[in-house]
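Notes follow the structure.
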Amino acid sequence: QVQLVESGGGLVQAGGSLRLSCAASGTDFRINNMGWYRQAPGPQRELVAAITRDGNTNYADFVKGRFTVSRDNAKNTVYLQMNSLKPEDTAVYYCNAAIMGLRPLSPFRDYWGQGTQVTVSS
């Protein structure tokens, strides 16, 4: 029913910037927390940044001071501004959201986007 669609990934040189967007589409839902995860080659997916509905944020240590997460509740969209990118930031970035269904009524549960590739060259 609800889908998360990421955009904004691509190829950038070290020191450059990218802005990722994730928009939720569908009907009759409410979004609570949203976040960004990333997965480099290998099995582990790690938290990058998260934001509550009222705007409280937290970041992984390896992106503090470089990345900024924000959201626009009217547009059901979360953003990740990535500055001073490093080759080690290369990964597939996934949007995550806790979403409650309103019609029919259902509890909050996690949704995941399909992922967007970010590649940082040296």
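- In this structure, OH on Tyr111 lies 13.0 Å from SG on Cys22, to the nearest 0.5 angstrom.
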Does Asp89 form a salt bridge (Lys or Arg N to Asp or Glu O under 4.0 Å) with Lys86? I'd like the steps, not just the answer.
CA-CA 5 Å; Asp89 294 320; Lys86 304 174 181 179; over 6 Å; no

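- By the 4.5 Å heavy-atom criterion applied to side chains, Leu18 and Leu85 are counted as neighbours.
- No side-chain donor from either of Asn32 and Arg30 sits under 3.5 Å from a side-chain acceptor of the other.
- The neighbour count for Gln117 CD, taken as heavy atoms of other residues, nucleotides or ligands under 6.0 Å away, is above 12.
- Closest approach of Thr77 and Ala23 over heavy atoms only: OG1-CB, 3.7 Å.
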Passes side-chain contact (heavy atoms from CB on, under 4.5 Å), Ser21 versus Glu6? Steps please.
CA-CA 6 Å; Ser21 298; Glu6 302 104 332; over 6 Å; no

Quick one, Trp36 with Asn96, criterion side-chain contact (heavy atoms from CB on, under 4.5 Å). Give me CA distance, side-chain angles, the key distance, then yes/no.
CA-CA 6 Å; Trp36 292 94; Asn96 170 260; over 6 Å; no

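- Put simply, CG on Leu20 and SG on Cys95 are 9.5 Å apart, with the number rounded to the nearest 0.5 Å.
- Taking the side chain as every heavy atom from C-beta outward, Asn58 and Val69 never approach each other to under 4.5 Å.
- Each of Leu4, Ile31, Ile51 was scored for a side-chain contact (heavy atoms from CB on, under 4.5 Å) with Val78, with one residue passing: Ile51.
- Both Val2 and Met34 are part of a single hydrophobic cluster, where members link through side-chain heavy atoms under 4.5 Å apart.
- Linking Ile, Leu, Val, Met, Phe, Trp and Tyr residues whenever their side-chain heavy atoms come within less than 4.5 Å leaves Trp112 and Tyr93 in two separate clusters.
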Quick one, Thr52 with Asn33, criterion side-chain hydrogen bond (donor to acceptor under 3.5 Å, both in side chains). Give me CA distance, side-chain angles, the key distance, then yes/no.
CA-CA 4 Å; Thr52 66; Asn33 298 339; 4.9 Å; no

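- When all heavy atoms of Leu80 and Ala49 are compared, the closest pair comes out as CD1-CB, 4.2 Å.
- Ser84 and Ser17 get closest at one heavy-atom pair: N-OG, 4.3 Å.
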Before giving the answer on side-chain contact (heavy atoms from CB on, under 4.5 Å), spell out for Phe67 and Val48 the whole-Å C-alpha distance, their side-chain angles and the decisive distance to 0.1 Å.
CA-CA 9 Å; Phe67 292 8; Val48 177; 3.7 Å; yes

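- Both Phe62 and Tyr59 belong to a single network of hydrophobic side chains, linked directly or stepwise wherever heavy atoms of I, L, V, M, F, W or Y lie under 4.5 Å apart.
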Determine whether Asn56 and Asp54 satisfy the following criterion, side-chain contact (heavy atoms from CB on, under 4.5 Å), listing intermediate values before the conclusion.
CA-CA 6 Å; Asn56 290 323; Asp54 62 357; 3.5 Å; yes

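- Taking the ring axis of Tyr94 as reference, the NZ or CZ atom of Arg45 stays within 45° of it and closer than 6.0 Å to the ring centre.
- What you find for Gly9 and Val118 is that their closest heavy atoms are CA-CG2, 4.2 Å.
- Counting heavy atoms from C-beta on, the side chains of Glu46 and Arg38 come closer than 4.5 Å.
- Looking only at distances, a side-chain donor or acceptor of Thr90 sits under 3.5 Å from a matching main-chain atom of Val120.
- Under a cut-off of 6.0 angstrom, the local environment of CD in Gln114 is sparse, with at most 12 non-hydrogen atoms contributed by other residues, nucleotides or ligands.
- Taking each heavy atom of Ile99 and Phe29 in turn, the nearest pair found is CG2-CB, 3.6 Å.
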